2 protein chains.
Amino acid sequence: MTTAPTARTLPHPEREALRLEAVLHALADPVRLRVVRELAVSEEKLPCSSFDLPVTKSTTTHHFRVLRESGVIRQTYRGTAKVSELRRTDLEAVFPGLLDSVLHSAARQERRLGSG
Amino acid sequence: MTTAPTARTLPHPEREALRLEAVLHALADPVRLRVVRELAVSEEKLPCSSFDLPVTKSTTTHHFRVLRESGVIRQTYRGTAKVSELRRTDLEAVFPGLLDSVLHSAARQERRLGSG
DNA sequence: CTGCTCGTACGATATTCCTCGTAGTACGGT
DNA sequence: ACCGTACTACGAGGAATATCGTACGAGCAG
């Protein structure tokens with residue numbers, strides 16, 4: 001009864017508070033990089049459950065939290081689901097070209113190593 | 001007597017074996033990012049001792065090893081010193097634009113946060 | 001040969017991180 | 001009210017990492 005129901009909010013770092021080391025660390029994990037790549041090709045916000053990851057739900061929650069706290073993604077509630085989207089504009093403003101080069105490098109590497 | 005003295009070599013990953021996750025992880029550490037930035041502005045190969053890092057020599061050795069094994073730098077012996085240089089060409093060939101955007105983002109962040 | 005400098009190797013420690021299982025909350029449908 | 005789905009919180013285990021100190025090796029200057 002403090003404020004309103006369905007008003008659950010999640011802490012996100014401000015654009016100006018984004019740290020390069022945290023973003024690089026977030027992107028350095030294979031599972032998280034995979035999530036980011038899927039979000040990049042999707043024009044819609046995706047719920048966590050739409051990802052087919054080789055880890056349990058607990059671990060999935062952990063990885064999404066790392067991505068959110070580092071500022072790579074933004075998460076909002078939609079009913080019982082929590083949908084995620086890339087913070088493209090914020091990232092581009094603070095670290096111009098970084099996300100695109102990572103995404104491009106990841107795609108290149110997948111082609112090179114054979115969809116591993 | 002196997003080959004020659006002063007022929008100590010160090011293992012470096014081939015260009016085609018570079019892994020994006022390993023490179024991102026290597027760059028995600030503040031100390032290592034600092035080393036990479038210094039190497040980037042220097043046109044000469046720098047010995048480990050030319051860096052003024054807030055860690056001991058043992059730890060410095062560790063960080064340089066991580067950078068070398070991830071393929072970010074190349075290390076060669078010169079007398080008693082071991083000099084390092086960025087593998088710019090290799091990185092650009094495999095992960096185009098990545099190093100530059102990281103370096104640019106790091107410089108930007110330093111300006112933004114006040115030379116932290 | 002004797003130091004001196006540069007860097008390494010090894011062991012130890014503390015911390016972080018990835019992973020999981022279980023239990024629990026929030027929301028929507030019946 | 002009841003159940004199912006989506007996600008979380010907590011605790012725990014195990015691996016990786018960052019850090020250090022000490023002891024050591026390789027080369028250079030006397």
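In what follows, chains are A, B, ... by sequence order, proteins preceding strands, each numbered from 1. Computed from a predicted model, the values in this text were never measured in an experiment.
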Separation of [X] atom [atom1] from [N] atom [atom2], in whole Å?
X       : N      : atom1 : atom2 : answer
A:Tyr77 : C:dT25 : OH    : P     : 14 Å
B:Phe51 : C:dG7  : CZ    : C1'   : 14 Å
A:Glu69 : D:dA9  : CD    : P     : 10 Å
B:Phe64 : C:dA9  : CZ    : P     : 15 Å
B:Leu53 : D:dC20 : CG    : P     : 11 Å
A:Asp52 : D:dA6  : CG    : P     : 14 Å
B:Leu10 : C:dC6  : CG    : C1'   : 14 Å
B:Arg78 : C:dT5  : CZ    : C1'   : 16 Å

Would you mind telling me which of [options] lies closest to the side-chain atoms of [X]?
X       : options                : value
B:Ser49 : D:dT19, C:dC6, D:dC7   : C:dC6
A:Pro47 : D:dT19, C:dG7, D:dC7   : D:dC7
A:His63 : D:dC7, C:dC18, D:dT5   : C:dC18
B:Thr80 : C:dC20, D:dA26, D:dT19 : D:dA26

- Note on the structure: Which of B:Leu39, B:Leu99, B:Ile73, B:Val72 passes side-chain contact (heavy atoms from CB on, under 4.5 Å) with B:Arg88? Answer is B:Leu99
- Report the residue from A:Gln109, A:Arg108, A:Glu110 that forms a side-chain contact (heavy atoms from CB on, under 4.5 Å) with A:Arg112. A:Gln109
- Indicate the atoms forming the closest heavy-atom contact of A:Phe95 with A:Arg19, along with that distance. CZ-C, 3.8 Å
- Message: Just so I know, are the side chains of A:Leu20 and A:Leu98 near enough to count as touching, which here means a heavy-atom distance under 4.5 Å?
- Response: yes
- Determine the contact category for A:Thr59: base if any of its heavy atoms lies under 4.0 Å from a base atom, sugar-phosphate if only primed atoms, P, OP1 or OP2 are that close, otherwise nothing. base
- Task: Sugar-phosphate atoms are those with a prime plus P, OP1 and OP2; base atoms are the rest. Using that split, label each nucleotide of nucleotides 10-17 of chain D B, S or - for protein heavy atoms under 4.0 Å, 5' to 3'.
- Result: -------S
- Item | Distance-only polar pair, side chains of B:Ser58 and B:Thr61, donor-acceptor under 3.5 Å | no
- Query: Can you tell me if CZ on B:Arg65 sees more than 12 non-hydrogen neighbours from other groups inside 6.0 Å?
  - Reply: no
- Message: Any side-chain to backbone donor/acceptor pair from B:His12 onto B:Gln75? Under 3.5 Å, distance only.
- Response: yes
- Query: Is the shortest side-chain N/O distance from B:Thr61 to OP1 or OP2 of C:dT8 below 4.0 Å?
  - Reply: yes
- Message: So, does A:Arg65 get its side chain near the phosphate of D:dA9, meaning an N or O under 4.0 Å from OP1 or OP2?
- Response: yes
- Query: Has the side chain of B:Lys57 got a donor or acceptor that lies under 3.5 Å from a partner of the other kind on the base of C:dG7?
  - Reply: yes
